[in-house]
There are 2 protein chains.
Amino acid sequence: MELHQLRYFVAVADSGGFSKAARICFVAQPSLSQQIIKLEKELGQRLFERLGRTSVLTEAGRALLPRARLILKEAGDIKSGISDDLGSGAGQLSVGLIPTIAPYILPGVLKRFYESFPKARISVNENLTERLIKSIIGLEIELAVMSLPIEDKLIRMEPLFEDPLVLAISPVHELAKSEHVTIEDLRGIPFIALDEEHCLGEQINNFCYERQINPDIVCRTWNLSTIQHCVSFGSGVSLVPKMLVMTDVSNKCVYRPIKGQSPKRTVVAAWHRDRKLSKLAAEFIQIVKDEYAYLLETRSYEGSGNVSPIIANF
Amino acid sequence: MELHQLRYFVAVADSGGFSKAARICFVAQPSLSQQIIKLEKELGQRLFERLGRTSVLTEAGRALLPRARLILKEAGDIKSGISDDLGSGAGQLSVGLIPTIAPYILPGVLKRFYESFPKARISVNENLTERLIKSIIGLEIELAVMSLPIEDKLIRMEPLFEDPLVLAISPVHELAKSEHVTIEDLRGIPFIALDEEHCLGEQINNFCYERQINPDIVCRTWNLSTIQHCVSFGSGVSLVPKMLVMTDVSNKCVYRPIKGQSPKRTVVAAWHRDRKLSKLAAEFIQIVKDEYAYLLETRSYEGSGNVSPIIANF
DNA sequence: CCCAATCCATAGGCATTAACTATAGAATAT
DNA sequence: ATATTCTATAGTTAATGCCTATGGATTGGG
């Protein structure tokens with residue numbers, strides 16, 4: 001069965017004759033007749049009673065007619081339907097984020113995304129960089145939000161923003177008294193470190209190593225929120241991303257920017273080198289940027305370059 | 001757009017590659033590729049991203065996929081769907097009946113029909129013979145229940161039953177005293193006649209003319225129920241079809257069979273000479289027969305050849 | 001790092017099939 | 001009765017889908 005056969009069939013049913021239908025379809029009458037006969041053979045049912053002047057539907061033809069119309073309508077609507085879907089933001093998007101980013105921007109990003117594209121379905125995968133890259137290459141996710149460095153040749157990237165690392169300290173800690181700290185202050189003090197399986201943990205590690213600073217690592221954890229708790233209990237200090245600070249409502253820690261060569265991580269969107277980003281994915285990237293800019297604007301009161309220790313008005 | 005293109009498209013989407021899809025569809029890979037490319041051109045959208053090893057849907061492809069599946073499913077279900085419709089008695093039937101038949105059997109026939117074919121739609125047209133024949137030829141109705149004679153060469157017929165004509169008289173009339181009457185009793189007595197535009201009126205007219213009986217026609221009406229009222233008021237007698245008697249619950253008239261050559265009309269189903277009756281139409285014919293037989297069985301108590309004047313237990 | 005395998009696109013020939021012309025047979029309208 | 005209209009058939013042409021061969025590109029394995 002093919003669509004043109006259904007088109008011919010409907011034309012005959014509507015016009016009441018093979019010849020008229022042929023004119024409507026801009027084909028010769030024998031061509032149309034043959035296709036109708038072919039359709040009748042395939043269905044094993046005669047579709048029209050050929051009377052002298054006109055042709056009328058048989059019972060089988062009457063049963064076919066609404067189905068044929070439906071199919072033709074759906075086929076005819078495909079092109080505009082696809083455009084509508086693309087235009088309206090309907091569709092499916094699969095993204096990934098690393099665990100040191102997701103908790104801080106995902107809530108706001110999802111909220112924005114659903115507001116902008118209520119018809120879209122999004123699926124989020126929170127995982128370590130290595131696993132996300134595999135998912136990109138394996139085509140399981142379209143896009144990932146991660147942190148440099150990423151070396152895989154199959155990955156293409158676009159930078160989203162730079163996220164500074166700031167010192168997290170207990171409010172009663174000695175260093176909390178000054179408005180800002182320097183790298184040198186880290187030397188030899190008890191330090192709560194993020195596990196190096198996290199790229200952020202590795203980045204901090206490298207950062208200290210390059211400057212030949214060996215913090216006294218008293219704890220190595222998998223979770224930034226564990227770090228927060230340890231720091232607030234005075235177990236040590238740590239370096240945490242600013243996006244954590246901007247969404248911290250606990251008031252248990254204070255945060256100080258690093259004077260001088262402030263460490264930072266570069267957050268990027270990454271996707272398969274050979275894939276063209278879908279419209280939804282491109283929009284998602286923009287939303288992530290917007291969200292971070294929004295956090296910067298509303299949640300960090302950097303009067304004289306320092307991070308406010310207390311976030312009010314959440 | 002053609003269905004085989006959608007089939008190929010779905011196969012690629014499902015298998016994740018053109019070559020695999022081609023094997024699934026039992027065509028060579030270039031053939032399938034060409035059809036996909038053709039579809040992409042028609043839609044103005046690229047449907048797959050061709051990556052090295054596999055191909056994945058674009059956003060447009062994702063939008064197309066469910067639509068394509070739907071259409072293919074509907075197309076695949078057509079054959080069985082038609083069979084189901086025919087088997088389940090779904091469908092549309094247009095019938096006609098003449099006014100001297102419809103009131104007496106239509107209620108019971110429709111009830112039976114709806115019980116047997118709850119999914120069917122029936123449309124009934126009550127009209128004079130001449131108009132019904134036009135409707136048959138004009139293909140507006142498929143079937144008509146009428147009375148002989150019918151001469152049109154374009155009409156094919158099947159007899160349904162013979163419906164005797166019986167004398168309708170007032171209960172206080174002289175003739176009501178005898179169990180039966182003869183034709184000769186009609187001579188010269190006041191007679192309520194049906195208009196000759198009705199075939200029944202003409203038949204009665206001819207019947208009397210052939211026997212050279214000239215009843216004294218005191219009233220000519222368009223409606224059998226008018227006749228009933230006139231007769232019950234003693235204005236005269238009339239000949240009415242037995243199907244009227246069998247459904248008369250008024251008890252205002254009594255009815256007497258005609259002894260000897262009883263007049264009768266032959267009720268037939270009529271349809272277009274060149275049309276094959278649909279299953280529903282054939283069933284309708286059978287139901288009309290059944291209904292008349294049922295009326296005969298339950299509504300006429302012909303103990304000794306006479307018609308019961310009073311129909312009880314309705 | 002190279003080689004083999006795989007994948008998709010292109011090109012060109014083949015074959016199928018849909019379309020066309022011409023016409024016949026039947027039915028209808030004038 | 002004649003002319004017109006309708007559908008089916010036959011035979012031919014044209015289109016188009018399919019095939020084989022091949023090339024460029026990528027991938028996976030040794």
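Every chain is numbered from 1 and lettered A, B, ... according to where its sequence line falls, protein lines coming before strand lines.
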Fill in: Set of side-chain contact (heavy atoms from CB on, under 4.5 Å) partners for B:Q29, sequence neighbours left out
B:S19, B:A22, B:S33

Worksheet item: Quick one: is D:dC6 close enough that its OP1 or OP2 comes under 4.0 Å of any side-chain N or O from A:R50?
Response: no

Response to the item:
Quick note, ring pair (Phe, Tyr, Trp, His ring centres under 6.0 Å) partners involving residues 43-97 of chain A, not counting sequence neighbours, are A:F9-A:F48, A:F18-A:F48

Worksheet item: Whole-Å distance between C:dA9 P and B:F48 CZ?
Response: 10 Å

Discussion item. Less than 4.0 angstrom between a side-chain N/O of B:S55 and OP1 or OP2 of C:dC7, yes or no?
Written reply: no

Item to complete: Indicate yes or no: does A:R131 engage A:E140 in a salt bridge with an N to O separation below 4.0 Å.
Response: yes

Worksheet entry | Any residue meeting ring-ring contact (aromatic ring centres under 6.0 Å, His included) with A:H272, in chain and number order, not counting sequence neighbours | none

Fill in: Divergence of helical axes at both termini of the helix from C:dC1-D:dG30 to C:dT30-D:dA1 - five pairs an end, 10° steps
30°

Item to complete: Please list, chain by chain and in numerical order, all residues satisfying side-chain contact (heavy atoms from CB on, under 4.5 Å) with A:L72, sequence neighbours excluded.
Response: A:L3, A:L6, A:R7, A:V10

Fill in: A:R23: partners by side chain to side chain donor-acceptor pair (under 3.5 Å), with sequence neighbours left out
none

Response to the item:
Under a 4.0 Å heavy-atom criterion, the protein footprint on nucleotides 24-30 of chain D, written with B, S and -, is --SSS--

Worksheet item: Can you list the residues that meet the side-chain contact (heavy atoms from CB on, under 4.5 Å) rule with A:S88, with sequence neighbours excluded?
Response: A:A90, A:K119

Fill in: Under 4.0 angstrom between B:S33 side-chain N/O and C:dC8 OP1 or OP2
no

Discussion item. Using the side-chain contact (heavy atoms from CB on, under 4.5 Å) criterion, which residues pair with B:A269? Sequence neighbours excluded.
Written reply: B:L143, B:L160, B:W271, B:I285

With the criterion being N/O to N/O and under 3.5 Å, what pairs connect the protein with nucleotides 13-22 of chain D, and how long is each?
residue, atom, partner, partner atom, Å
D:dG17, OP1, B:K38, NZ, 2.9
D:dG17, OP2, B:Q35, NE2, 3.2
D:dG17, OP2, B:K38, NZ, 2.6
D:dG17, O5', B:Q35, NE2, 3.2
D:dC18, OP1, B:Y8, OH, 2.7
D:dC19, OP2, B:A28, N, 2.4
D:dC19, OP2, B:S31, OG, 3.1

Worksheet item: Going by the ring pair (Phe, Tyr, Trp, His ring centres under 6.0 Å) test, which pairs reach into residues 131-152 of chain A, not counting sequence neighbours?
Response: none

Worksheet item: Which residues satisfy the side chain to side chain donor-acceptor pair (under 3.5 Å) test with B:Q45, sequence neighbours excluded?
Response: none

